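Order of appearance sets the numbers: ligands from 1, and atoms from 1 within every ligand. Quick caveat: nothing in here was measured; it's all calculated off a predicted structure.
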Amino acid sequence: MTESSPSSIVVTIDGPAGSGKSSAARALAERLDYEFLDTGAMYRAVALSCLKNEIDPDNEEAVAALTRSLEIKFQDGRLFVNDQEVTDDIRSSAVSSAASVVAQHSSVREILVDLQRACASSSPLVTEGRDQGTVVFPHAFCKFFLTARPEVRAQRRYDETPKNDDRPAFAELVREIRERDERDANRSVAPLKPADDAISIDTSDSALEEVVSSMETIVRDKIKDRV
Ligand code: DC
């Protein structure tokens with residue numbers, strides 16, 4: 001499928017893990033009354049299904065066949081795979097690591113990119129991921145790229161990980177984040193990088209509300225310029 005029609009309104013938010021893009025995207029979508037799409041959750045859904053079905057995330061052919069067989073659906077902020085809810089299951093460390101491996105396969109990306117573009121066909125959309133402004137919606141009407149220092153991003157992940165015996169040590173999270181950044185930025189397909197026309201925002205020292213408010217102002221100004 002090609003990109004959505006030029007008249008559709010798409011706001012893209014890309015950035016590395018823990019940059020605050022998920023929270024910012026969700027809040028921005030709410031303020032604007034747009035649909036919200038978490039594309040990382042789609043890669044996580046595929047990764048979780050690999051782990052459940054004992055499919056090696058490195059095996060591109062097997063992962064692509066599995067991805068084609070999955071019905072991935074968002075409903076009221078919850079995520080379902082083949083009608084089974086996986087909203088919380090996709091957030092484990094094992095799934096995070098496997099997701100960054102399956103995201104390296106171009107055939108898997110093609111399947112998920114088609115699904116992502118279909119989401120923009122019916123209503124205005126705020127979508128977040130790694131390649132939304134560069135590959136999936138290159139003509140999006142407003143693009144953001146959020147960043148933050150690795151230690152700040154690791155701290156955010158640490159704070160949102162359930163406090164049980166499986167909670168990784170903070171140093172382990174910093175290591176994992178650096179490893180995933182490296183993989184996401186250096187893969188040959190759709191590497192993580194800002195689109196040339198993206199507005200970059202460093203969220204390290206800002207409160208979420210502050211970030212969302214400045215994004216909202218930028219989007220509303222652009223909407224005014226469109227009419
Ligand atoms: O944003 P996240 O941590 O939920 O993303 C999970 C993985 O999926 C991460 O390693 C990057 C990858 N991803 C991607 O390659 N492209 C996207 N549009 C979204 C996520």
Task: Sub-3.5 Å N/O-N/O distance, Gln116 and ligand 1 - done: no
TODO: Do me a favour and list the nearest non-hydrogen protein atom to atom 7 (C) of ligand 1 with residue, atom name and distance?
DONE: Ala99 CB, 3.8 Å
Open item on the list: Under 3.5 Å between any N/O of Ser96 and any N/O of ligand 1: does that happen in this structure?
Closed with: no
TODO: Identify the protein heavy atom lying closest to atom 20 (C) of ligand 1, giving its residue, its atom name and the separation to 0.1 Å.
DONE: Gly40 CA, 3.5 Å
Task: Proximity of Lys21 to ligand 1 by residue part, where a heavy atom lies under 4.0 Å - done: side chain
Task: Structural part of Met42 in contact with ligand 1, heavy atom criterion under 4.0 angstrom - done: neither
Open item on the list: Among all protein heavy atoms in this structure, tell me which lies nearest to atom 19 (C) of ligand 1, with the distance rounded to 0.1 Å.
Closed with: Thr39 OG1, 3.4 Å
TODO: Return a yes/no value for Arg44: is any of its N or O atoms, backbone included, closer than 3.5 angstrom to an N or O of ligand 1?
DONE: yes
Open item on the list: Among all the protein's non-hydrogen atoms, which is closest to atom 16 (N) of ligand 1, and how far away is it?
Closed with: Arg109 NH2, 3.0 Å
Task: Option set Gln132, Arg183, Arg130, criterion heavy-atom distance to atom 14 (C) of ligand 1, minimum - done: Arg130
- [ ] Could you list the atoms of ligand 1 found under 4.0 angstrom from a heavy atom of Asp184?
- [x] 9 (C), 10 (O), 11 (C)
Task: Contacts of Glu85 that satisfy salt bridge (Lys or Arg N to Asp or Glu O under 4.0 Å) - sequence neighbours left out - done: Arg78
- [ ] Can you pull out the closest protein heavy atom to atom 8 (O) of ligand 1? Residue, atom name and distance to 0.1 Å, please.
- [x] Tyr43 CB, 3.5 Å
- [ ] Give yes if a backbone or side-chain nitrogen or oxygen of Asp131 is under 3.5 Å from a nitrogen or oxygen of ligand 1, and no if not.
- [x] yes
- [ ] Run down the list Ser19, Ala47, Ala41, Ala103 and name the one with the heavy atom closest to atom 12 (C) of ligand 1.
- [x] Ala103
TODO: Among all protein heavy atoms, pick the one closest to atom 10 (O) of ligand 1 and tell me residue, atom and distance.
DONE: Ser100 CB, 3.0 Å
